[in-house]
Amino acid sequence: MHRAGVPILAGTDANNAPGAPASVPHGPSLHHELALLVAAGLTPLDALRAATVLPARHFGLTDRGAVAPGLRADLVLVDGDPLADITATARVRAVWCGGVERADL
């Protein structure tokens, strides 16, 4: 599908609500999905785009999806280069949501 030009969007079934049929934690499941996308043939850059700019574009979220002036500042600092090794996305060092660093991670 990707080679045919179909946009591939990353997403998870993360849900740890009480009573859910399965507890899928937020975060780790997306990192695993990115690795699976690369294993399936996407480049690391394409996998990262599948989790950032493409969902923003296809869901009409015009205030996010890229690092640019005036956009919502949701950022993740990782240890390593995810373009060389997509598993680096799982080594989170800091997170900013709406421009505010999250100290609880």
Side-chain angles (χ1 to χ4, degrees):
M1 290 176 56
H2 179 68
R3 282 191 297 259
V6 175
I8 304 297
L9 307 183
T12 72
D13 290 328
N15 183 359
N16 57 1
S23 179
V24 179
H26 295 270
S29 59
L30 181 60
H31 300 296
H32 183 68
E33 181 173 350
L34 294 175
L36 290 173
L37 289 172
V38 170
L42 271 68
T43 66
L45 180 58
D46 287 332
L48 292 170
R49 286 179 175 153
T52 56
V53 66
L54 291 177
R57 181 181 305 147
H58 289 281
F59 287 103
L61 304 171
T62 59
D63 66 335
R64 62 195 78 195
V67 179
L71 296 185
R72 181 184 162 100
D74 291 343
L75 303 168
V76 178
L77 175 67
V78 299
D79 183 11
D81 179 1
L83 294 177
D85 174 13
I86 196 65
T87 66
T89 65
R91 296 189 298 274
V92 176
R93 295 294 174 238
V95 174
W96 290 264
C97 292
V100 177
E101 186 172 5
R102 298 275 307 263
D104 60 333
L105 300 174

* **Polar side-chain atom of Asp63 near backbone of Arg72 as donor-acceptor pair, under 3.5 Å** => no
* Hey, what do you get for CG (Leu34) to CG (Leu37), rounding to the nearest 0.5 Å? -> 6.5 Å
* To do: State whether the side chain of Glu33 and the backbone N or O of Gly11 hold a donor-acceptor pair below 3.5 Å, judged by distance alone.
  => yes
* Mind checking the CG-NE2 spacing from Leu36 to His31? Nearest 0.5 Å is all I need. => 13.0 Å
* Structure fact -> Members sharing Phe59's hydrophobic cluster, built from side-chain contacts under 4.5 Å between Ile, Leu, Val, Met, Phe, Trp and Tyr, are Leu9, Val53, Leu54, Leu61
* Nearest heavy atoms of Pro44 and Ile86, plus distance in Å -> O-CD1, 4.0 Å
* Asked: So how far is it from Asp46 CG to Ile8 CD1, rounded to the nearest 0.5 Å?
  -> 9.5 Å
* Structure fact -> CZ of Arg57 to CZ of Arg49, rounded to nearest 0.5 Å, is 9.0 Å
* To do: Might you point out which heavy atoms bring Val38 and Ala47 nearest each other, and give the distance in Å?
  => CG2-CB, 3.8 Å
* Drop me the distance from Arg64's CZ to Asp74's CG, to the nearest 0.5 angstrom. => 6.0 Å
* Structure fact -> Scanning both residues in full, the closest heavy-atom pair of Gly80 with Pro82 reads O-CD, 3.4 Å
* **Derivation of the side chain to side chain contact (heavy atoms under 4.5 Å, CB included) call for Val76 and Trp96** => CA-CA 6 Å; Val76 178; Trp96 290 264; over 6 Å; no
* Heavy-atom closest contact (Pro55 atom, Ala10 atom, distance) -> CG-O, 4.5 Å
* Can you find a pair of side-chain heavy atoms, one from Asp85 and one from Arg91, that are under 4.5 Å apart? -> yes
* Are Leu77 and Leu75 connected in the hydrophobic side-chain network, where two residues link if heavy atoms are under 4.5 Å apart? -> yes
* **CZ/Arg3: more than 12 non-hydrogen atoms of other groups inside 6.0 Å** => no
* To do: To the nearest 0.5 angstrom, please state how far the CG atom of Leu48 sits from the CG atom of Leu83.
  => 6.0 Å
